[in-house]
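What's counted below: heavy atoms across the whole structure, side chains too, no hydrogens, waters or symmetry copies. Residues take their numbers from the sequence shown, with the count starting at 1. It should be emphasised that the depicted structure is a prediction, and the values quoted were computed from it without experimental measurement.
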Amino acid sequence: MVVPHTEPRAADVLDRTPWVNSLGAPARDRLYSDAFLASYQSGQVVARKGSLSSSWIGVADGLLKIAAVNRSGKIVMFTGIPSGGWIGEGTVLKRELRLYDIVAVRCSTVVHIPMRTFEWLHAHSIEFNHTLIEHLNERLGQYITMMEAGRVSDVVARTARSIATLYNPVLYPSMDSHLRLSQTELGELVGLSRQSIGAALKRLEVEGLLRVEYGGLTVISVERLRSYEEAESGDCR
């Protein structure tokens with residue numbers, strides 16, 4: 001029997017989104033009526049720096065990266081947003097221009113909650129406001145962690161901590177131990193070359209923190225990755 005292929009619907013994605021289940025019926029009805037899906041090819045811009053925020057963005061499937069180009073022309077990578085993650089709630093709340101580009105790292109399906117819907121939910125749903133507060137609080141902690149990781153010169157420690165930032169149960173509830181991320185994609189997110197990432201992953205594998213596999217890796221200990229210490233000067237590990 002041949003099962004016909006059907007395209008995903010926004011409702012299917014929202015059904016799998018934990019915070020949506022906490023909403024009251026009127027809020028869910030409004031959300032399901034207005035949310036829509038869009039597909040992006042690898043390298044395609046989902047939202048451009050300097051543009052007016054028009055939606056809250058969730059990743060139904062795929063991987064996005066948050067980046068900006070500084071005055072010297074260097075690309076600054078902030079973080080990756082895996083499947084199940086959402087990004088841009090602060091920008092929508094403040095009705096400001098985006099301060100970064102959101103780009104698809106691989107072919108991705110994205111769910112958009114239009115600004116007018118977001119604002120209606122913010123005004124009428126206490127459950128939605130609880131979700132926003134929780135996300136903003138976790139986002140602040142994530143950025144502090146990322147800032148610390150970005151200042152680490154040891155590539156092994158930097159790689160370990162960057163992988164750990166993808167394992168936040170509030171921001172990225174759909175993550176499991178297998179991380180479907182190529183070394184090239186991981187290098188983009190960490191801001192390191194593929195060769196440096198490959199060497200760092202081998203070190204972490206030897207130390208029993210993860211297992212490198214075809215098409216990705218399996219994380220064995222998120223906590224050990226999160227607390228991985230920078231090598232002392234002269235320490236070859």
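When every heavy atom of Gln183 is checked against every heavy atom of Gly198, the shortest pair comes out as OE1-CA, 3.3 Å. Pairing each heavy atom of Gly88 with each of Trp56, the nearest pair is C-CD1, 3.8 Å. Here the closest heavy-atom approach between residue Arg98 and residue Ala47 is recorded as NE-CB, 3.4 Å. Taking all atoms of both residues into account, the shortest heavy-atom contact from Pro82 to Gly80 is CD-O, 3.6 Å. In terms of heavy-atom proximity, Val219 sits nearest to Leu210 at CA-CB, 4.2 Å. Looking at every heavy atom in both residues, Ala104 comes nearest to Val46 through N-CG2, 4.2 Å.
Linking ILVMFWY side-chain heavy atoms closer than 4.5 Å, directly or via other members, places Leu63 and Trp86 in two distinct hydrophobic clusters. Hydrophobic clustering (ILVMFWY, side-chain heavy atoms < 4.5 Å, transitive): Met175 and Val190 are in one cluster. Linking ILVMFWY side-chain heavy atoms closer than 4.5 Å, directly or via other members, places Ile87 and Phe128 in two distinct hydrophobic clusters. Both Leu166 and Ile102 belong to a common hydrophobic cluster when Ile, Leu, Val, Met, Phe, Trp and Tyr are linked at side-chain heavy-atom distances under 4.5 angstrom. Clustering ILVMFWY residues whenever any of their side-chain heavy atoms sit less than 4.5 angstrom apart, transitively, puts Leu14 in a cluster other than the one holding Ile81.
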Assess the residue pair Ser196 and Ser193 against the criterion (side-chain hydrogen bond (donor to acceptor under 3.5 Å, both in side chains)); give the C-alpha distance rounded to whole Å, side-chain angles, the decisive distance to 0.1 Å, and a yes or no.
CA-CA 5 Å; Ser196 296; Ser193 68; 3.0 Å; yes
Output, in order, the C-alpha distance, side-chain angles, deciding distance and verdict of side-chain contact (heavy atoms from CB on, under 4.5 Å) for Arg203 and Tyr228.
CA-CA 12 Å; Arg203 181 71 255 173; Tyr228 199 91; 4.2 Å; yes
Apply side-chain hydrogen bond (donor to acceptor under 3.5 Å, both in side chains) to Glu96 and Ser53, showing your working.
CA-CA 7 Å; Glu96 67 179 12; Ser53 302; over 6 Å; no
Decide yes or no on side-chain contact (heavy atoms from CB on, under 4.5 Å) for Arg161 and Glu229, but give the supporting numbers first.
CA-CA 9 Å; Arg161 296 184 193 181; Glu229 293 295 330; 4.2 Å; yes
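In this structure, CD1 on Ile163 lies 8.0 Å from CG on Leu181, to the nearest 0.5 angstrom. Rounded to the nearest 0.5 angstrom, Arg226 CZ and Ser162 OG are separated by 12.0 Å. To the nearest 0.5 Å, the span separating CZ on Arg28 from CG on Leu121 amounts to 12.0 Å. Taken to the nearest 0.5 Å, the CD atom of Glu138 stands 4.5 Å off from the CG atom of Asn168.
Between Glu205 and Leu201, the closest side-chain pair of non-hydrogen atoms is not below 4.5 Å. Under the 4.5 Å side-chain criterion, counting only non-hydrogen atoms from C-beta, Thr165 is not in contact with Tyr172. Between Leu99 and Thr91 the shortest side-chain heavy-atom distance does not fall below 4.5 Å. Within the 4.5 Å cutoff, side-chain heavy atoms of Leu136 are placed close to those of Leu93.
Under the salt bridge (charged side-chain N to carboxylate O under 4.0 Å, His left out) criterion, the residue pairs touching residues 169-185 are Arg106-Glu185, with sequence neighbours excluded.
Considering only residues two or more places apart in sequence or on other chains, Ser54 meets the side chain to side chain contact (heavy atoms under 4.5 Å, CB included) condition with none of them.
In this structure, Ile126 places its CD1 atom where only 12 or fewer heavy-atom neighbours from other residues, nucleotides or ligands lie under 6.0 Å away.
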Show me the side-chain donor-acceptor pairs of residues 111-118 shorter than 3.5 Å, one per line, residues at least two apart or across chains.
{"from": "His112", "atom 1": "ND1", "to": "Ser55", "atom 2": "OG", "distance (Å)": "2.8"}
{"from": "His112", "atom 1": "NE2", "to": "Tyr40", "atom 2": "OH", "distance (Å)": "2.9"}
{"from": "Thr117", "atom 1": "OG1", "to": "Asp34", "atom 2": "OD2", "distance (Å)": "2.8"}

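Glu223 and Ser221 share no donor-acceptor pair across their side chains, judged by distance under 3.5 Å alone.
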